[in-house]
Amino acid sequence: MVIDGHTRTCGLIGNPVAHTLSPLIHNALAEKFSHNLVYVPFPVEKGQALTAVKGAYELNILGLNVTVPFKSEVLPGLVETDELAEQIGAVNTLVRTRGGFKGYNTDMPGLYRAMVSEGIALAGEEVILLGAGGAARAVAFLCAAKGASRVYLLNRSVEKANAVAEEVNEKSRKKLVFPMALSDYPELPDGKFLAIQATSVGLYPDTEHAVIEEEAFYRKIHTGYDLIYKPSETKFMKLVKEQRGKAYHGLKMLLYQGIIAYELWNEVKVSEETAQEVYELLKEKAGI
Ligand code: ATR
């Protein structure tokens, strides 16, 4: 591409950012749309996220992605926050508006669009959600927003499961989330469920573990969605497949959270065909 006096800049703030796949997504999209735009990583010192956001605005940056550990820290530096991001209490995308940045959370819409593209429904579904950390909490809000009928939230620490269930039920004004200990899975009702794996167990290099390893648990699952994409087949996914369930990793979620951010920054709609082309590049880069 040619960088000239009109080139717009987007980027990622976080710490660390060196292993990010986001530049590949956004620079590929810029090329496909013939947009004069570059996307670069910006490593930011811990505690300096607000200064970075302010500086980015002054530098006429068009948009930012925000990753660990700044997803909540940047909130006070924004002029506006989208409703879902507000509920979740975390943003991963900042969009330049008049006077400052508006914050969005595209992780969850990204997960949703990834699920839709695989033909996985949330509306009316009974969902098993594994984990009660930041990622699981966001998935629970997504389930509420997309009309899941019930969410069984299983976590090692039951207190954290209780707290997330209480918060999501209160904010969504539904009795949707039922907290449970991991070991209580035999108490789940009969039937087959969609299970979303939102713990950090199984993430590279801890590839030999799943948060629950008993076969009996996996007999309850028709579809398993792991938010992890490294490795591309987690132990959780293997266990789901062994019981004849369908299993997916989280790389498409990464793709779509990026695509939605790009759409917000550039006011365009990325077609499924283009999404698939970028996904091929992403898989290659991720070694999948
Ligand atoms: P994230 O922001 O990615 O969700 P997190 O907030 O640190 O990360 O949450 C990690 C999740 O993985 C939690 O649900 C955690 O369970 P606890 O709440 O009981 O800590 C879960 N987790 C991490 N290591 C685990 C392990 N060895 N066994 C079971 N659950 C584990």
Side-chain angles (χ1 to χ4, degrees), residues 12-17 19-22 46 49 65-75 84-93 103-112 114 127-144 151-168 177-186 188 195-214 216-218 221 224-231 234-240 248-254 256-258:
L12 169 69
I13 60 168
N15 189 332
V17 291
H19 298 290
T20 177
L21 294 169
S22 291
K46 301 216 167 102
N65 281 138
V66 184
T67 189
V68 179
F70 302 135
K71 288 187 175 191
S72 300
E73 199 175 316
V74 297
L75 290 173
L84 179 67
E86 183 88 49
Q87 271 193 340
I88 296 170
V91 292
N92 75 321
T93 300
Y104 291 83
N105 187 306
T106 72
D107 286 330
M108 287 308 110
L111 171 61
Y112 183 67
V127 180
I128 297 173
L129 175 54
L130 297 170
R137 196 170 146 276
V139 174
F141 275 114
L142 178 74
C143 291
V151 176
Y152 298 98
L153 183 84
L154 277 60
N155 196 48
R156 176 178 60 181
S157 139
V158 191
E159 300 81 72
K160 268 170 80 178
N162 288 339
V164 171
E166 199 174 310
E167 189 196 348
V168 176
V177 185
F178 296 79
M180 295 170 73
L182 290 175
S183 52
D184 287 343
Y185 77 80
L188 285 165
I196 302 176
Q197 200 304 108
T199 78
S200 47
V201 183
L203 179 64
Y204 179 85
D206 178 32
T207 55
E208 295 310 309
H209 293 102
V211 67
I212 297 176
E213 296 190 336
E214 285 94 332
F217 173 68
Y218 292 89
I221 299 176
Y225 203 104
D226 202 325
L227 302 195
I228 294 171
Y229 61 83
K230 193 178 177 184
T234 61
K235 182 76 188 270
F236 168 81
M237 289 168 63
K238 281 193 188 121
L239 291 164
V240 168
Y248 301 89
H249 56 69
L251 194 67
K252 267 202 175 169
M253 172 182 170
L254 179 80
Y256 281 106
Q257 66 71 35

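Both backbone and side-chain heavy atoms feed into the values below; hydrogens, waters and symmetry mates do not. Note that ligands are numbered from 1 as they come in the structure, with each ligand's atoms numbered from 1 the same way.
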field: Atom-level proximity to ligand 1, residues with heavy atom under 4.0 Å
entry: Gly131, Ala132, Gly133, Gly134, Ala135, Asn155, Arg156, Ser157, Lys160, Thr199, Ser200, Val201, Val211
message: Checking Lys230 now: which residues fulfil salt bridge (charged side-chain N to carboxylate O under 4.0 Å, His left out) with it, not counting sequence neighbours?
response: none
statement: Of all heavy-atom pairs linking Glu213 and Leu239, the shortest is CA-CD1, 4.1 Å
Would you mind writing out the side-chain donor-acceptor pairs for residues 159-168 within the sub-3.5 Å range, not counting sequence neighbours?
{"from": "Asn162", "atom 1": "ND2", "to": "Val158", "atom 2": "O", "distance (Å)": "3.4"}
{"from": "Glu167", "atom 1": "OE1", "to": "Arg137", "atom 2": "NE", "distance (Å)": "2.9"}
{"from": "Glu167", "atom 1": "OE2", "to": "Arg137", "atom 2": "NH2", "distance (Å)": "2.9"}
{"from": "Glu167", "atom 1": "OE2", "to": "Lys171", "atom 2": "NZ", "distance (Å)": "3.0"}

- line: Per side-chain contact (heavy atoms from CB on, under 4.5 Å), Val211 is matched among Leu154, Asn155, Val201 by Val201
message: I need the Gln257 CD to Asn65 CG distance, nearest 0.5 Å.
response: 5.5 Å
field: Under the side-chain hydrogen bond (donor to acceptor under 3.5 Å, both in side chains) test, residues paired with Asn105 that sit two or more places apart
entry: none
